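Worth knowing before you read on, the calculation uses all heavy atoms, side chains too, and leaves out hydrogens, waters and symmetry mates. Remember, it's a predicted structure, so these values are computed and weren't measured experimentally.
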Amino acid sequence: MESTAAGLISRAAHELGLRTDELTAEVEQRLRHELPALWEDPDVARTAAENVVEHVVAALAGLEHAIEPDLIELPSADVERARVLARHGTPLSAMLRAFRLAEEVVLDRLFAELPRLSQDAEQVSAAARQLNVVSTKYVDRVSEQGVRAFQAERDRRLRWRSAMVNEASMCIGTTLDIARTTQELADFATEQFADLVTVDLLDTVLRGQDAAGQNPLTLRRMAQGPDADGGGLQPPVRPQQLHVCPEGSPCAEALSSGRPSRQRHGRASGLPRAHSTLVVPLRARGTTLGVAEFHRYGTAAAYDDEDLLLAQEIVVRAAVAVDNARHYTHARATALTLQRSLLPREAPRQSAVDVAYRYLPAGSESGVGGDWYDVIPLSGARVALVVGDVVGHGIRAAATMGRLRTAVRTLADIDLPPDELLTHLDDVVLRLANEASADPDTGPEADVGRDNGATCLYAVYDPVARRCTLARAGHVPPVVVVRDGTADVLELPPGPPLGRGGLPFETMEVDLPEGSLIALCTDGLIEARTPARATGDNLSAPATATEDPTPTAPHTPDIDAGLATLREVLARPAPSLEAACDSVLEALLPSRPDDDVALLLARTRSLGADRVATWELEADPVVVARARSDVSRKLTDWGLEELAFVAELVVSELVTNAIRYGRPPIRLRLIHDRSLLCEVSDAGSTTPHLRRARVFDEGGRGLLLVAQLAGQWGTRHARRGKTVWAELSETAEFPALAFE
């Protein structure tokens, strides 16, 4: 071999190539010492070791055969190994540093060989300089190729991660249901980069409490994926089970610090077959909600920093969706509690109608609305049936509903006719709207009374006359079914929705034979889109409410179709009113109806002539004694002799007041219902008032006497005249009366 620098390099490379194993071991040892991170992951360590061997062999072969650095054939797997390093999150600087460290080791060994092979110092020096040039060019070429492959893989990984995050944003948080949102997170992750996913939320957070100071932390398993039977791994905790997060565990550390971590060998949650685990806390708006764990046991590759970053980005989005669902759930529960507390718990005792009712709150993002119903006993054995709907959802709508229901009851207590009651209720809604608009803390959703703020249907049924008087304010009309099975929609004058102000309401009177069925409902029932079986008898779910028709607009196709279906269902025989309610819900409601639903069914009863006695009286004081006698005889016929004395006193005072202060004609009526009702009517409009008589007053004690003897008493006005009534009970204890 020629005695040149190139020849010397060739001989040195040949000699060193005979000890390749020794050289590669030395390079590997240097890399382990200088770059320990390369050896933490088995896949990365294997890739680095293979790179060391193949590059040392390739470089020595090129030097031995005096091949130009640009022409030395690089290892065929070199590009793929650079991609592997990129996929595992290895820093580019670590890869380049590994090339330089390996170059240093090989050059040092070559430099040590040169003096041993030649005594010519000048030749050794020239060979050393040439070795530096060749090795630098070779390492630069390898580095450039590695950087291109590495960066291409990193770019691909970034695009993939971005695509995954975008897809997760669309797949996770599609509803405001906590369990469904967490399961969407678990399902997405198991499809993309995990063999098993568990999602646990702090039990205190779910209950709206603060977890500060709690030790150990109690978690509720909200979701996992895939199903244990299909995934081949049985988690120690099942969905909806409570479990404790041990102090010092990766789970506890993530919850306390808010930082994610990578774990090995299933240490995070006691899964022995899981060789790699990511533990990522769910945090949103400064609150730690829980923790998600991503396990690998069937996938060969362990999680790397890139996977951890991806899991973090996905969990951040899921945490926001869970927090939104949590706030919605708490707000809805509060609104639902308020709503239910404001609705009647049970129908009051009365004899005019048998009733059954359902209230189903909206269950979608819209939240609980302002639908309500009521059954209000009135004087004269009558009853008021009410159904109403406040536009909007949430606590404010529920609170507004409660205020309107209270207003209706107050107005009903003074026995206003339906049209006058709605007129006063319209004023109430206008006042609420003005209060809301004047409140600086009130949002746009509080504009109750503007743009169809509320609707109402008010009906009064008289079991003596078997007549129903109705009026509506923008509400859907009722359906009436008579005993022969004929079902009709009562086309009441529509009336404007409450809150318009200045527009009149009109009443309609219909005769209802005993046993007739009248159905009052809100638009959420008859505007439901897809018929399906409803679940439960007093709870369901929602979406967006459809406003009631305007006063002059005809029914919409949805309302017409819904009313037609309602008529069809009610026309079928049903064993009970409760069964009829269930049949209506089954026929008209989808599994998750869009809006709140209130349904009130009432079957009419009647009080026959044997339970009612009426006398026409002259406006002459002498008739008072005759009236007392007539009352006493009638009470004997009814078996109510024990009430005779009190009834005679009450009738005497009421008839005397009518003769003295009223106008003829005067009529006395007794009604034998659950209690004894005494009514005296006259054509006058003067309302009697209760006052305490002074010592020397000749009058003023009559109504005080009536108030003391009667369980209830009051005055109701008709189109012409008034009626003063008193209710006497067989079980009442009458106080001893004393007058000064």
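For the pair Leu310 and Trp160, the minimum side-chain heavy-atom distance is below 4.5 Å. A heavy-atom distance below 4.5 Å is not found between the side chains of Thr329 and Leu176. Under the 4.5 Å side-chain criterion, counting only non-hydrogen atoms from C-beta, Val105 is in contact with Leu23. When side chains are defined from C-beta on, Asp195 does not count as touching His295, because their heavy atoms never get closer than 4.5 Å. Two residues are said to be in side-chain contact when any heavy atoms from C-beta on lie closer than 4.5 Å; Glu153 and Arg157 meet this criterion. The closest side-chain heavy-atom distance from Met164 to Glu167 is below 4.5 Å. Counting heavy atoms from C-beta outward, Phe99 and Met95 have side chains that approach closer than 4.5 Å.
Glu113 and Arg109 are not joined by a salt bridge, as no carboxylate oxygen comes within less than 4.0 angstrom of a charged side-chain nitrogen. Taking 4.0 Å as the cut-off between side-chain N and carboxylate O, Arg154 and Glu306 count as a salt-bridged pair.
Among Leu308, Val199, Val291, the one residue that satisfies the side-chain contact (heavy atoms from CB on, under 4.5 Å) test with Val280 is Leu308. Of the candidates Arg220, Gln241, Gln224, Arg221, Arg221 is the only one forming a side-chain hydrogen bond (donor to acceptor under 3.5 Å, both in side chains) with Asp200.
Panel note: side chain Arg317, backbone Ala168; no donor-acceptor pair is recorded below 3.5 Å. Under the 3.5 Å distance criterion, the side-chain polar atoms of Arg141 are matched with a main-chain donor or acceptor of Ile72. When atom types are taken as modelled, the side chain of Tyr303 and the backbone of Gln263 share no donor-acceptor pair closer than 3.5 angstrom. With hydrogens and angles ignored, the 3.5 Å screen pairs no side-chain donor or acceptor of Ser118 with any backbone N or O of Pro115.
For CZ of Arg259, the number of neighbouring non-hydrogen atoms (other residues, nucleotides, ligands) closer than 6.0 Å is 12 at most. Counting non-hydrogen atoms of neighbouring residues, nucleotides and ligands closer than 6.0 angstrom, the CD atom of Gln240 exceeds 12 such neighbours.
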